[in-house]
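One structure below.
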Amino acid sequence: MCYYNGQKVTRAEFIKLKSLEKAVSKYDFLNVGVHNGFNYAPCAILVPTEDGKDFDIVQAEWGYVPGFIKTRAEANIFRAKYTTLNFKSENLFTKEDGKRSMWADAAKNRRCLVLSTGIVESRHIPKIGKKGRELKETIKYPYNVQVKNQEYFYMPGLYNEWLDPETTQFVNTVAIGITKANYLMKQIHNSKLRMPTILTEDLAWEWLMEKPSEERLQLIARTQIPSRLLEYCTIDPDYRKALEATPRDFDELPALNTSYLYREELEFDHWPAPEFEPEPPEEQGVMGEQTVISGRPGNLSLF
């Protein structure tokens with residue numbers, strides 16, 4: 001469901017969206033390799049300026065709090081009950097029962113972008129019993145997943161300015177859009193078959209700065225990035241405490257199937273088609289877990 005995210009941007013880098021550039025050197029909350037969503041820690045979001053001509057990078061608590069929540073205690077209970085770290089893209093305006101979604105107003109008026117340098121999801125592998133049979137109990141193997149050749153990327157978010165009565169200050173709170181998993185993420189996040197929505201630069205601009213129709217917003221929110229554009233590696237399970245994604249190999253872990261990379265068909269693929277589709281060699285089909293697909297070294301911070 002994407003409950004762990006990295007936002008570790010060096011001071012030499014810039015956040016770019018279309019022709020706009022914003023220096024990030026003054027922001028002291030862009031230094032976390034792995035944000036644990038369940039801590040509701042500060043994270044970076046991009047919000048439009050009041051005149052709608054520019055955007056600002058501001059701090060927000062990861063975990064959406066609606067306006068009707070009156071106390072911090074109620075906010076914590078609400079977050080725990082409904083897990084508002086994410087919102088389902090298919091329920092942007094309407095719930096499964098046909099009623100108006102709690103996200104509808106924010107989708108129209110309070111859209112943002114959530115910065116990411118990598119997401120963490122866990123693959124569940126059944127334990128093997130004494131008789132060699134698979135058990136219901138599983139072992140979780142965490143993965144760091146990034147976009148190839150991109151230091152950071154954008155996910156659609158919805159935010160709300162919530163009045164914290166304890167401090168009498170308004171606090172930005174945010175939820176991240178999730179969509180159907182692509183073929184790669186179906187293998188990695190195999191317990192939920194979901195993944196965060198990752199937007200192209202054009203779609204990120206449209207989501208943040210323009211005024212799309214409800215139908216168009218729904219379509220953008222459901223975007224599925226093709227598996228061929230992602231890279232991954234397994235990481236040390238202590239990422240929650242370390243707040244960093246340290247690559248680690250697991251010899252016992254079965255490899256992922258990557259034979260589909262250039263034959264994948266997705267329902268909501270809005271990314272540019274590849275310039276060519278290489279024919280995979282006959283022996284291709286399974287790639288070791290330790291392999292980072294694009295071969296990009298180092299800096300494996302998480303979203």
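For the pair Val65/Phe78, no side-chain contact is recorded, criterion being any heavy-atom separation below 4.5 Å from C-beta on. The shortest distance between side-chain heavy atoms of Lys180 and Lys186 does not fall below 4.5 Å.
Atom-to-atom distance recorded for Asn257:CG and Leu261:CG is 8.5 Å, nearest 0.5 angstrom. Distance check: Glu244 CD to Asp236 CG gives 11.5 Å after rounding to the nearest 0.5 Å. In this structure, CD in Glu252 is found 3.5 Å from OH in Tyr141, a value given to the nearest 0.5 Å. Separating the CD1 atom in Ile139 from the NE2 atom in His124 is a distance of 11.5 Å, to the nearest 0.5 Å.
For the 3.5 Å distance criterion, the side chains of Tyr143 and Gln187 fail to qualify, holding no donor opposite an acceptor. In this model, a donor atom of one side chain and an acceptor atom of the other lie less than 3.5 Å apart for Thr49 and Asp51.
Using a 4.0 Å cut-off between a side-chain N of Lys or Arg and a carboxylate O of Asp or Glu, Glu90 and Arg194 qualify as a salt bridge. Under the 4.0 Å criterion applied to side-chain N and carboxylate O atoms, Glu210 and Arg216 are not assigned as salt-bridge partners.
Considering Lys88, Met155, Met185, Gln224 as possible partners of Thr179, the one that fulfils the side-chain contact (heavy atoms from CB on, under 4.5 Å) test is Gln224. Under the ring pair (Phe, Tyr, Trp, His ring centres under 6.0 Å) rule, Tyr64 has a single partner from Tyr40, Trp103, Trp162, which is Trp103.
Leu230 and Leu184 get closest at one heavy-atom pair: CB-CD2, 3.9 Å.
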